[in-house]
Trainee: 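Starting off with a structure, shown below.
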Amino acid sequence: MDEWRFVWSVEFWRMGLYWTLSLLYSYLVLLIKNFEWPSSSSSSSAYVRRSLESMPTKPVCVITGASSGLGAETASALAREGYYVILAGRSLDSLLKEIKKKNEDAQLTAFQVDMSSILSIMKFANSLQKWFMDSTLHPSIQLLVNNAGILATSHRSTVDGYDEMMGTNYIGPFALTNHLLPLLKNSTAPSRIVNVTSFTHRCVFDAGINDEAMCVKNLKHFPQSNQYPFAYIYELSKFYLLLFAYELHRRYYLMDPSCKISITAADPGVVETNIMREVPPRLCRLALTVLRFLCLLKSPKDGVESIIDAALAPPEASGEYFFGGKGRTIKSSSLSFDVGLAEALWVGSTKLFRETQLKLQVSMDA
């Protein structure tokens, strides 16, 4: 997009004003909560570490979007925690060498996965099953971190017909989680799903999914206009990912006592990664300078804190929204707790997922 047109677009000002206000509000909520209920300085992850250490083999975690930025930092941190880390993403060879260089004991495996493609996700899930059969590890996953995400400033469609940003940020994680649930359920120790969402979810006031039909229409045929509403779609995709986390929490942690899967959401805040690579360079530098001046910009090393907190918190932390590091949590937007919206999203997403999966399976068998 032309730099001048970008400056005068509604989406630019939505990012500049709405997103900044949403971030400041999140920090205000954090400040008030910790003033009223000071957080303990002691780590709450001791229970998780003990349960993982009691496993007969090394615990396994899968991290999407692990090529760089937060995904790479998450992989490095969890490798230090003793996980066998499975990296899912693109161009991972250099990252494997980098982590190994810093930690010789790190055990890692990389799989090439396109999170915007259901076929690529299906192939990854199948390859992972075969990989477990050939390994000495227990055929289970103890941790899944749905971290992959993009910010696209122009409309592109995935091979499955979805908006690319919605496909990568929400539909891909939904499909992958459903494919990996059997491996998560098979864990001998409590397992965990972490959805990496964003404070921008607070900018969503109308989710557009009052029923299954609206959900299907919104996901499959996102309304197009002369100007691609990229900021709004990004907010919506992160809001959907959060709704998905809460619905998983209700279905698996609250409603199924026999299930040992807990689900948390992690919000790293504003982190200096390459997610804004499609924003005109000068505007990107200006935005980062302002955020740095306001002390709101984090490095990936600092930003990963909330993700690690969400990953290593005890099972009873299921359903919590981690923000600000040091094990701290806050409440997400009131709309994100709408059970009716979450149910409609679940049903509509499941319908689309099964339809797409069936078509792909038929084409693969032909």
Trainee: With heavy-atom distances below 4.5 Å as the criterion, would you say the side chains of S67 and L92 are in contact?
Mentor: yes
Trainee: Measure from NZ or CZ of R251 to the centre of the six-membered ring of W346 and say whether it is under 6.0 Å with the direction within 45° of the ring axis.
Mentor: yes
Trainee: List the steps, then state whether side-chain contact (heavy atoms from CB on, under 4.5 Å) holds for I150 with R277.
Mentor: CA-CA 9 Å; I150 62 169; R277 58 184 174 273; 4.3 Å; yes
Trainee: Would S237 and N169 count as having a side-chain donor-acceptor pair, cut-off 3.5 Å?
Mentor: yes
Trainee: Taking only Lys NZ, Arg NE, NH1 and NH2, and the carboxylate oxygens of Asp or Glu, determine whether E104 and K100 approach each other closer than 4.0 Å.
Mentor: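 Salt bridge flag = no for K100 with E104.
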Trainee: Which heavy atom of T177 sits nearest to which heavy atom of L248, and what is that distance?
Mentor: CG2-CD1, 4.1 Å
Trainee: Is R14 salt-bridged to E11, going by a charged N under 4.0 Å from an acidic O?
Mentor: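 Not counted as a salt bridge, because no side-chain N and carboxylate O are separated by less than 4.0 Å.
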Trainee: Any side-chain heavy atom of V279 within less than 4.5 Å of one from F6?
Mentor: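 When only atoms from C-beta onward are counted, F6 and V279 do touch, with a gap below 4.5 Å.
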Trainee: For residues V271 and S299, determine if any side-chain heavy atom of one lies less than 4.5 Å from a side-chain heavy atom of the other.
Mentor: no
Trainee: Could you state whether V270 and V204 fall into the same hydrophobic cluster, counting links through intermediate Ile, Leu, Val, Met, Phe, Trp or Tyr residues with side-chain heavy atoms under 4.5 angstrom apart?
Mentor: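 Per the 4.5 Å side-chain linkage, V270 and V204 are co-clustered.
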Trainee: Test side-chain contact (heavy atoms from CB on, under 4.5 Å) on H179 and M122; report intermediate values, then the result.
Mentor: CA-CA 7 Å; H179 274 297; M122 288 172 62; 3.3 Å; yes
Trainee: Report yes if some heavy atom in the side chain of K58 is under 4.5 Å from a heavy atom in the side chain of Q107; otherwise report no.
Mentor: yes
Trainee: Charged N to carboxylate O below 4.0 Å: is that the case for E272 and R292?
Mentor: yes
Trainee: Under the criterion side chain to side chain contact (heavy atoms under 4.5 Å, CB included), which of V29, T197, T329, T264 is the partner of Y321?
Mentor: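 Filter result, single survivor: T197.
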Trainee: Do H249 and L254 have side chains that approach each other closer than 4.5 Å (heavy atoms only, starting at C-beta)?
Mentor: yes
Trainee: I want to check something: taking the side chain as every heavy atom from C-beta on, are L241 and P173 in contact at a cut-off of under 4.5 Å?
Mentor: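 Sidechains of P173 and L241: in contact.
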Trainee: Would you say the ring centroid of F323 lies under 6.0 angstrom from that of Y27?
Mentor: yes
Trainee: With side chains defined as the heavy atoms from C-beta onward, is the minimum distance between F132 and L128 less than 4.5 Å?
Mentor: yes
Trainee: What do the steps show when you test D114 against R90 for salt bridge (charged side-chain N to carboxylate O under 4.0 Å, His left out), and what is the final call?
Mentor: CA-CA 7 Å; D114 179 359; R90 305 176 184 179; 2.7 Å; yes
Trainee: Are the ring centres of Y84 and W131 closer than 6.0 Å?
Mentor: yes
Trainee: Kindly indicate whether the side chain of V159, heavy atoms from C-beta on, has any atom under 4.5 Å from the side chain of L119.
Mentor: no
Trainee: Taking the ring centre of each residue, are Y234 and H201 less than 6.0 Å apart?
Mentor: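 They do not qualify: ring centres at least 6.0 Å apart.
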Trainee: In terms of the angle between their ring planes, are F174 and Y170 parallel, tilted or perpendicular, with boundaries placed at 30° and 60°?
Mentor: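 Ring orientation of F174 relative to Y170: tilted.
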Trainee: Could you go through V60 and S140, starting from their C-alpha distance and side-chain angles, then the distance that decides it, and tell me whether this counts as side-chain contact (heavy atoms from CB on, under 4.5 Å)?
Mentor: CA-CA 7 Å; V60 175; S140 64; over 6 Å; no
Trainee: Got a sec: does the OH of Y18 have more than 12 other heavy atoms crowding it under 6.0 Å?
Mentor: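 At most 12 heavy atoms, drawn from other residues, nucleotides or ligands, come within 6.0 Å of this atom.
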Trainee: Would one find more than 12 heavy atoms of other residues, nucleotides or ligands at under 6.0 Å from atom CZ of R156?
Mentor: yes
